[in-house]
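First the structure, in the form of structure tokens, and then the observations on it.
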Amino acid sequence: MPEGHTLHRLAGQIETALAGRRTLSSSPQGRFADAARILDERTLTGATARGKHVLVAFEGLAEQVHVHLGLFGRWDVHEGVPPVVGQVRWRLAAADGSTSLDLRGPTACELLTPLEVDALLSRIGPDPLDPTATALDAEAVVLGSRRSIDVLLMDQSVIGGVGNVYRAEVLFRHGVDPATPGRQLGADRWRAMWDDLVVLMRDGVRSGRIDTVRPEHTPEAMGRDPRADDHGGEVYVYRRAGQPCLVCGTTVLTRVVAARNLFWCPECQSAGRVRG
DNA sequence: ATCCGATGTCAAT
DNA sequence: TTGACCTCGGATC
């Protein structure tokens with residue numbers, strides 16, 4: 001589901017399956033019907049992802065489709081064109097019937113003018129999956145902030161594409177206390193975290209899941225049952241509240257930060273902790 | 001059959 | 001800080 005890697009993966013799949021091809025658009029659920037009529041029968045020219053947003057472009061149309069999945073949107077890629085099931089906001093299909101995509105429950109599915117696209121892109125922070133972005137692009141904001149790193153990581157104008165799983169996991173992998181203010185993080189640690197996000201998220205694009213557990217801590221290496229915490233990927237702390245830390249055995253904690261459930265190990269994650 | 005949570009964001013207060 | 005929104009599936013009754 002939808003952190004940045006999901007959207008980059010989808011953009012890639014759309015390009016591979018549909019770029020340069022004539023497409024059919026419809027809105028079985030109805031709320032995208034007017035736009036779908038404009039898009040129908042057009043050749044798709046490209047799909048790009050920035051942060052958690054996807055933009056799809058069509059020949060002869062200045063506007064692009066902006067899609068944001070939100071918390072529970074889904075975008076399923078099908079071989080062929082199966083019968084519609086449930087609420088499908090936008091069905092996009094190759095005109096030859098080879099491939100189709102069903103978009104459900106998105107926060108955003110709308111046509112944006114070039115000006116609106118520019119405005120959208122300008123409010124998304126550097127994205128670890130953008131090959132032109134670097135740790136330096138967010139460094140001044142992060143290292144100058146009094147806000148805590150667990151809040152900064154979720155702020156899409158600071159870093160684009162990181163969501164609740166990558167937040168918890170990158171903090172764990174770097175032993176960082178989630179409450180550490182950005183200004184106390186230190187440049188070395190920030191850069192290491194950024195580089196790690198690049199690696200983890202690229203891996204997520206490739207696999208379609210979030211795996212963050214290092215080889216020495218995998219179920220195979222530790223003799224654990226891999227199905228014990230199966231959330232579609234192998235993780236250290238995400239959704240493991242009350243269970244023992246995979247590394248030290250301390251009970252994993254949870255609390256709401258930036259309106260989402262944060263998970264962390266109070267023993268392993270002490271770097272940056274304020275004393276007293 | 002019903003409830004609840006979910007890898008997100010924004011507006012209103 | 002809270003509520004609203006979008007939809008589905010797993011847990012619970």
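Basis for what follows: all heavy atoms, side chains included, without hydrogens, waters or symmetry-related copies. Source: prediction; values computed, not measured.
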Tell me the interatomic distance from [X], atom [atom1], to [N], atom [atom2], rounded to whole angstroms.
X         : N      : atom1 : atom2 : result
Asp155(A) : dG8(B) : CG    : C1'   : 13 Å
Leu120(A) : dT9(B) : CG    : P     : 11 Å
Phe72(A)  : dG5(B) : CZ    : C1'   : 10 Å
Leu153(A) : dG8(B) : CG    : P     : 12 Å

Expected output: side-chain [X] to main-chain [Y] donor-acceptor under 3.5 Å:
X         : Y         : value
Tyr166(A) : Gly4(A)   : no
Asp127(A) : Gly51(A)  : yes
Arg202(A) : Pro128(A) : no
Glu139(A) : Ala187(A) : no
Ser145(A) : Val142(A) : no
Arg42(A)  : Gly60(A)  : yes

Practice item. Determine: side-chain N/O of Asn261(A) to OP1/OP2 of dA6(B), distance under 4.0 Å, yes or no. Key: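 True: Asn261(A) side-chain N/O within range (under 4.0 Å) of dA6(B) OP1/OP2.
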Distance test, side-chain N/O of His68(A) to OP1/OP2 of dG8(B), below 4.0 Å =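 Indeed not, no polar side-chain atom of His68(A) lies that close.
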[atom1] atom, [N] versus [M]: distance in rounded Å?
N       : M      : atom1 : result
dC10(B) : dC8(C) : C1'   : 22 Å
dT2(C)  : dG5(B) : P     : 16 Å
dA12(B) : dC6(C) : P     : 16 Å

Check whether NZ of the Lys or CZ of the Arg Arg167(A) lies under 6.0 Å from the centre of the six-membered ring of Trp264(A) and within 45 degrees of that ring's axis.
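The answer is no; the distance or angle limit is not met.
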Give every pair of a protein N or O atom and an N or O atom of nucleotides 10-13 of chain B that lie under 3.5 Å apart, one pair per line with the distance.
unit_1	atom_1	unit_2	atom_2	d
dC10(B)	OP1	Arg123(A)	NH1	3.2

Does Arg89(A) reach a base, just sugar-phosphate, or nothing at all? Heavy atoms under 4.0 Å.
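Result for Arg89(A) = sugar-phosphate.
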Q. Contact class for Glu169(A) vs. all strands (heavy atom < 4.0 Å): base, sugar-phosphate, or nothing?
A.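 Nothing: the residue Glu169(A), judged by heavy atoms under 4.0 Å, touches no strand.
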- If you measure from CD on Glu3(A) to CG on Asn164(A), what distance do you get to the nearest 0.5 Å?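 Rounded to the nearest 0.5 Å, the CD-CG separation comes out at 7.0 Å.
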As a test of reading the structure: which of dT9(B), dA6(B), dG8(B) is closest to the side chain of Met154(A), going by heavy atoms?
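For the Met154(A) side chain, the nearest candidate turns out to be dG8(B).
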Arg22(A) bridged to Asp96(A) by N-O distance under 4.0 Å: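 Salt bridge flag = no for Asp96(A) with Arg22(A).
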key: Heavy-atom contact window of chain A on DNA chain C, given 5' to 3' at under 4.0 Å   =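 Contacts span dC6(C) to dG9(C), reading 5' to 3'.
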